[in-house]
Every structure is written in C-alpha cells, then in structure tokens.
S.K.: 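Sending over a structure as structure tokens; questions will come in a sec.
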Amino acid sequence: MIHHDDEPANAGTEETMSRRNFLRRAGLGLGAVAVLGSGVLSYRAYDQGVLATGEGPAYAPWSDWRDGGGMRQLIGAATLAPSPHNAQAWLFGLHARHIDVFADLARTTGAIDPFLRELHVGLGAAIENLVLEARSLGLVPDVELVPFGSRSNHVARVVLTPGTRRPSDLRAQIPRRHTNRYAYVVDKDVPTAALARMGELVDPTVPEVSIVWVDRARQRAELGELLVDATEAIVADEAQSASDYRWFRQSWDEIQRRRDGITVDAAGVSDLTSSLAKILPAQSQRATGESWLTSTRDKHTRTAAAYGIVVARDATDVRQQLEGGRLLQRIHLWTTGQDLALHHMNQITERADREIQLGSAPRFGDAFTRFVPSGWQPLCTFRCGFPTEQPKLSPRRAVEEVIAR
Ligand SMILES: Cc1cc2nc3c(=O)[nH]c(=O)nc-3n(C[C@H](O)[C@H](O)[C@H](O)COP(=O)(O)O)c2cc1C
C-alpha cells in the first residue's frame, strides 16, 4: 500500500490546496488546527484531515450525485451502492436510451473473493440503485442480466423508456445508506415484524434468491463464533490478508486521490481512536488484521441483534449473484429508512471460496448447512440491529471516472 509519507514531494498538490479550502470553508483555519498540539503533531493532524471527516472531493458524490441530471443521475445513484472493500468494480456505458453495466476486473479483491461472488453482489446492488432512481424519474427500466452470457464482464443492460414517475421510500434512502461497523444496542432484538417486512422484499419473479434470518440467541452465538473463526483464518492466510490490506486507505491524500477503499472513519471506531489512528503512522498489515479480529470478536458479533443470509439456489451463478445483490440492497435501504443499522460480514463465504481455490477441506464451506435450509446456498451475510452511532461516509469516485470510454 502506498503511504502518503512515501510519495514524491510534489504529489497531491491539488488535494492539499483543496483541503486548505475545506478547512477555511468550515471556519477551521490553521489556528483551530493548532489546538490539537504544536509542531509535527498539529501538522500531521491537519495533513491527515483529522478535522475534515467526510469532506473533500472523495466525499462530494454523497451530495452532488444528481449533478448532470437524466441518465448521469442514474449512474450517480448506482455509484452510491455498497461494494466489497469499497472497490467500486463498476463501469457504465452511457447511451441515449440504455445504460450498460460492466464489471471492472482491474478492481477485484484478489484472494478475498477468488470467484468474484462478492464483486457481482456489489454490481447487483448498484443495478438496484440505478433501477430505483430510474423509476423515481419516470423512466421504466427493463433489466437484462448477463446479456452476453456469464463469461462476459458485461453484466447488465438497462433499457429505459418514458413512463410515469414512481418515487419510492427505498429510493429516498439511497444517499442515506451506509455500512455501520459500530457496536449495536445490546439486548434489543430486531422486531419479528421488521424481519417479515424485509422478507417481502424478495422478488417473486426471482424464485432462485431469498433471505434467511438467524435471530435466535443460540444460533446467533453459533454463527458469531464461526465469523470469528473465519476472520482468524483470513488474517492467518498471507494472501487473503494482503488482499484485504490492499484496500485500506490510511492517508488523507490517498483517500482524496483514489476515492475508494476502507477508511479509518468508516471502521466504526470512536472519534478519538480514529483521530489518533490518522495522526499516528500507518498501521501495518498485521496490526490491521489483529484489530479487525478484535472488533469482530468483541464488538460486531457480540452486538449483532440478527444475521441475515442472502441465499441462492446456485450461489456460483452470476445472474443469481446479481439478483442477490439487488435484494441485499433493497434490504439495506429499507433498514436505513427504519433507522436500523446493517453491516456486511462475509468472512465465512470468503473462507469457503478460498478453501475451494486451495483444494483444502471444506471447514467453512460446510458450516452454513446448520443455518440454511437444504436446497439453498449462502451468497452473502450481514448483521443487523439498532445503532449506537451513526456511520460515517465512505469515499466514492465521480460519475466521470466510471463511464466506460
Ligand atoms: C458484496 C459485499 C460484501 C461486503 N463484505 C463486507 C465485509 O465482509 N465486511 C465489511 O466490513 N464490509 C463489507 N462490505 C461493505 C463494504 O465494505 C462497503 O459497502 C464499502 O466500504 C462502502 O461503504 P458504504 O457501504 O458505507 O457506502 C461488503 C459490501 C458488499 C456489497
């Protein structure tokens, strides 16, 4: 990973200038930065954007995603979707009456997702945002998935014809939805009625994809233990751990330049911890893995009120992966509207796929049989609950950067 301190002296001049402007605009001049300390420490706080959380071009899409209107606005909505490691492995072909969606295979997460299951789930989430936005603008979207077969990276064509406006509650949540990695309220279950309502978001025209809930205390604890074990196995696997670390962005300049990846702000730690993490030198791969394992054990699994598992008849089928991503996104948008929190946690399937890749015994591959009814396979997993904190924004690339040329 490139760290800011390793870069040439002239790198990021434009970002440095704009960061100063943000501080000024926020009424926080250099004087305010000085209260953080003096000398090197205050400079580092300033340089690492400690006072500029969620600011700068990398975060602008959360407020200006509609700029350009029309078809560009649909792509703007799509780019606010979640994606594995925030890799945003999408490209869009913009045409007069249709939008093509492509997988950007230069943006995979390597050994974490060797068969591109998660990459396709993320693309499905982006397609769902695009569809919801189209309907709200009075366009009727006709979605054809894998139009040239599943070996092509052309994953969808969405043809748009004029119709009546169909704004929806789900669409309204698109710019409000974020992955919440904080602790959730302990001993506050997700109401059964809410789980049932989310079950109704399954598309009856797609019978190959569904949702399974793990909400009873004992099963929840069992799944939590498996998640911790799978995290431990990922951290111990040099290739998976390195693939994971590659998407961590620890310097302000890198976040503003790349506009992707996982940041300290989005990690679900306290404001004090995240300020210190930004000021201190970049965390090593090993330390990053260890803190992830600790959070998974002591925070994420301990406070999960329910787990959801999106299941498919054939979890290796690209079309079902895309449809699973669409369902996952509808659920995430719905929870956002109810002020519920959601956190994607895919360590078990990441390990299961890695076992297949390595030809090793299916320890995690078989683990889901306890939770998923026979005839179904797990596609992706998340925890859900009542938030203790509001999640922070993750960076996003601009629409111009994701239009296929
Ligand atoms: C298919 C898929 C798998 C994901 N897996 C994980 C995961 O295992 N752990 C995690 O913390 N976040 C996971 N995420 C969440 C992404 O990291 C997140 O969407 C991304 O960083 C952007 O942040 P946002 O959702 O707040 O916009 C996943 C997202 C998707 C779509």
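For ligands, and for the atoms within them, numbers begin at 1 and follow the listed sequence.
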S.K.: With only distance considered, is N346 within less than 3.5 Å of ligand 1 through an N or O on each side?
M.R.: yes
S.K.: Report yes or no: does R177 have a heavy atom closer than 4.0 Å to ligand 1?
M.R.: yes
S.K.: What do the steps show when you test H178 against L393 for side chain to side chain contact (heavy atoms under 4.5 Å, CB included), and what is the final call?
M.R.: CA-CA 7 Å; H178 307 290; L393 308 185; 3.1 Å; yes
S.K.: Can we call the ring centroids of F382 and W213 under 6.0 Å apart?
M.R.: yes
S.K.: Regarding R326 and Q329, is there a side-chain donor-to-acceptor distance under 3.5 Å anywhere?
M.R.: no
S.K.: Just wondering, do R259 and R396 contact through their side chains at under 4.5 Å, heavy atoms?
M.R.: no
S.K.: Taking Y182 as the fixed residue, which of H343, K392, Q390, E389 is the one that meets the side-chain hydrogen bond (donor to acceptor under 3.5 Å, both in side chains) rule?
M.R.: K392
S.K.: Taking the ring centre of each residue, are W292 and H300 less than 6.0 Å apart?
M.R.: no
S.K.: Students should be able to answer this: which protein heavy-atom is nearest to atom 21 (O) of ligand 1, and at what distance?
M.R.: N86 CB, 3.3 Å
S.K.: May I ask you to check whether H344 has an N/O atom sitting below 3.5 Å from an N/O atom of ligand 1?
M.R.: yes
S.K.: Near I262, which atoms of ligand 1 are under 4.0 Å from a heavy atom of that residue?
M.R.: 17 (O), 21 (O)
S.K.: Can you list the ligand 1 atoms lying under 4.0 Å from a non-hydrogen atom of T179?
M.R.: 15 (C), 18 (C), 19 (O), 24 (P), 25 (O), 26 (O)
S.K.: Judging by distance only, is a nitrogen or oxygen of H178 under 3.5 angstrom from one on ligand 1?
M.R.: no
S.K.: Could you tell me whether the side chain of I234 reaches within less than 4.5 Å of the side chain of Q347, counting heavy atoms only?
M.R.: yes
S.K.: I'd like to know if the side chain of R197 pairs up with that of Q338 as donor and acceptor (distance under 3.5 Å, no hydrogens or angles considered).
M.R.: no
S.K.: Below 4.0 angstrom from a heavy atom of R396, which ligand 1 atoms are there? Numbered from 1 as shown, please.
M.R.: 22 (C), 24 (P), 27 (O)
S.K.: Specify the protein heavy atom at minimum distance from atom 12 (N) of ligand 1: its residue, its atom name, and the distance to 0.1 Å.
M.R.: R181 NH2, 3.2 Å
S.K.: Are D260 and R397 within salt-bridge range, i.e. N to O under 4.0 Å?
M.R.: no
S.K.: Could you tell me the residue and atom name of the protein heavy atom closest to atom 30 (C) of ligand 1, and the distance to it rounded to 0.1 Å?
M.R.: P84 N, 3.6 Å
S.K.: Show the atoms of ligand 1 that are less than 4.0 angstrom away from any heavy atom in V121.
M.R.: 1 (C)
S.K.: S394 to ligand 1: N or O pair under 3.5 Å?
M.R.: yes
S.K.: Measuring from the heavy atoms of A125, does anything fall under 4.0 Å of ligand 1?
M.R.: no
S.K.: Supply the atom-to-atom distance L333 CG to L201 CG, rounded to the nearest 0.5 angstrom.
M.R.: 9.5 Å
S.K.: Starting from atom 19 (O) of ligand 1, find the nearest protein heavy-atom neighbour and note its residue, name and distance.
M.R.: P82 CB, 3.0 Å
S.K.: For ligand 1, which atoms, with element, lie under 4.0 Å from some heavy atom of S83?
M.R.: 16 (C), 17 (O), 18 (C), 19 (O), 20 (C), 29 (C), 30 (C), 31 (C)
S.K.: Which atoms from ligand 1 have a heavy atom of M345 less than 4.0 Å away?
M.R.: 8 (O)
